[in-house]
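Sequence lines set the chain letters: A, B, ... in the order given, protein chains first and strands last, and positions in each chain run from 1. Here the structure is a predicted model, which is why all the values come from computation and not from measurement.
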Amino acid sequence: MSTDKKVRVRFAPSPTGGLHLGGVRTVLYNYLFAKKYGGDFVVRIEDTDQTRFVPGAEEYIFECLKWCGLYPDESVVNGGEYRPYRQSERKERYKLYVEELVAEGHAYYAFDTPEQLEEMRNKNRTDENPSPQYDYKVRMQMRNSLTLSGEEVHRLIRSNTPYVIRIKMPQNETVSFTDMIRGEVSFDTSLVDDKVLLKADGMPTYHLAVVVDDHEMKISHAFRGEEWLPSAPVHVLLWKYLFGLDAMPQWAHFPLILGPSGKLSKRDGAKYGFPVFAMNWTDPKTGELTEGFKEKGFLPEAFINLLALLGWNDGTEQEIYSLSELVEKFSMDRVHSAGAKFDYEKAKWFNHEWIKKLNTGYLLPKVKVVLAAKNIEVDDDAKLSTVIDLVKDRCTLLTDFDEQAAYFFKEPKIMELHAIQPKWNETKTAFFKEWASVLFSKDFADPHQMEEQFKELAASMQLKPGEVMMPFRIMLVGGKFGPHVFDIAHLLGKGETVKRINEVLKMLEPA
RNA sequence: GCCGCGUUGGUCAAGGGGUUAAGACGCAUCCCUUUCACGGAUGAAUCACGGGUUCGAUUCCCGUACGCGGUACCA
């Protein structure tokens, strides 16, 4: 296996829908590995199944990568030496290689119709063997170039009879390879079926395409999810037949990301109320919208961070990493081999940490977007900055800035009068009338001075500060939350503060 | 069914023949705070099971159980 080649890795998505958490983590680990070793990160579009083409899915994938800050070095959008990077545009190349396999006896033509395949499966299906394979046991009973005469095969091909090309799996051989995460993995070839390599429409299957393209694109390390492990022997054999095992990339199969019950799915997201896709995805056929991490209020920094730690850690207690730190610290031998269950609570914690960590100027435009979505247009950036500093500790998701910051710009939407009404009395009314006029006539240099004055006034009316502090908060904020009430009042300015006091006073008047 | 990969608290996980088996999330209690958070402290909670090997297994080996993945002209 090659170890001295330039590091080149690829992420090879199939553009059939939203980009899943696990997909992004695969991108991330590829990216981290490539960057750590000064290599290239290639994105190749695996669109060999034309029946599953979904308009917009390819563009969507690149938007997600952009949001995550994981830029490819080569891809359909930014080109590269090994283009085209879309397999549908590489169709002719695969045929050459597969013909070579046939010529060498490693593959064969198969003319079986779907009905015939179904018949074979029905015939062989038993309780013991619920999924009969097209393998060495049955291939000599099927309609293929192994059982038909050469003449007949030529006749069928000339008459445009649909056919596929299948790999001829050897019998009783052990195929093994070293997985960077799992160590040596081996398979008995007798138990692997004769996988289709070239489909009837002339397109390659994944098995052929991945090997041919990894070779042509000089991929040095091939990383993918664990779901691919069972078909690895097919790929290893193809490498052996076509390009030699010495040229084969090093493999690593990443552990799966699990949901609350088994493999994480789009359904889990809907069911348990957390995103599964990186960004919002609308199925063009059904119009169904699946929420993404971005729109849910996640920062890309947090998203990357939490994904990195889902299956990898550097052995220290550190949990918060920037992308560049990840590039520096990442190593494949510290990637787990066991699947990891996705924990949304922990995911939110990561986002909270990043909101607290990131500077206000960086957060500002993102907060603006959140507020604008709630029809709050902010033109005073200085004020927004102050607000962000005041409330960021209280925001887990970016969308929390709506509740936490909106009342600085608009009167509270909901007014929790019930929190103060029961204990309301005339003394308090008198206090706030007086307090409003004090505020109106004086200018406080800072929140602290205002607080002193507030307490003085309360004392002079035989009120404990605590008795009027919460009412004051409710008047300004609408609820029992937020930063220090005098910080809020000071930032709101006396005009707005007095206005809100008076409005609530009016609401509290006995009818 | 068969094949493959796994199995340390509820979750993410460190550790790897002898440890009081780290840490984080979440949860609980307390402190701070006349709100809510932040922060700080404390606590409950873990080596799937059975055999070996060994003076000694959570750690190594073998089984079993369980989980997940695969078993398509899908990737």
Which part of the nucleic acid, if any, lies within contact of [X], taking any heavy atom under 4.0 Å across all strands shown: a base, the sugar-phosphate backbone alone, or nothing?
X	answer
R52(A)	base
P483(A)	base
R224(A)	nothing
K263(A)	sugar-phosphate
T316(A)	nothing
R125(A)	nothing
H253(A)	nothing
D127(A)	sugar-phosphate
V164(A)	base
D112(A)	base

Rounding to an integer number of Å, can you tell me how far [X] [atom1] sits from [N] [atom2]?
X	N	atom1	atom2	answer
H235(A)	G4(B)	NE2	P	17 Å
D135(A)	U71(B)	CG	C1'	11 Å
L264(A)	C68(B)	CG	C1'	13 Å
D333(A)	G16(B)	CG	P	13 Å
D393(A)	U33(B)	CG	P	17 Å

Original post:
How about Y321(A) and N313(A): does a side-chain donor come under 3.5 Å of a side-chain acceptor?
Top reply: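 Y321(A) vs N313(A): no donor-acceptor pair found between side chains.
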Nearest to the side chain of [X] - [options]?
X	options	result
K455(A)	A72(B), C12(B), U34(B)	U34(B)
L258(A)	C25(B), U11(B), C68(B)	C68(B)
D193(A)	A75(B), A72(B), A37(B)	A72(B)

Original post:
Is any side-chain N or O of K356(A) closer than 4.0 Å to OP1 or OP2 of A37(B)?
Top reply: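 The answer is no; no side-chain N or O of K356(A) sits under 4.0 Å from OP1 or OP2.
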Original post:
Has N313(A) got a side-chain N or O lying under 4.0 Å from the OP1 or OP2 atom of A14(B)?
Top reply: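 Yes.
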Subject >> Mutual orientation of the aromatic rings belonging to W435(A) and F472(A) [parallel < 30°, tilted 30-60°, perpendicular > 60°] >> reply: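 The rings of W435(A) and F472(A) stand perpendicular, inter-plane angle above 60°.
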Original post:
Is the backbone N or O of S14(A) less than 3.5 Å from a side-chain atom of R52(A), with the two atoms forming a donor-acceptor pair by type?
Top reply: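 Not a single qualifying donor-acceptor pair exists.
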Subject >> Sole residue of R182(A), K263(A), R25(A) in salt bridge (Lys or Arg N to Asp or Glu O under 4.0 Å) with E226(A) >> reply: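 Output: one option passes, namely R182(A).
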Subject >> Anti or syn - C12(B), cut at 90° from 0 >> reply: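 Here the answer is anti: the torsion falls beyond 90° from 0.
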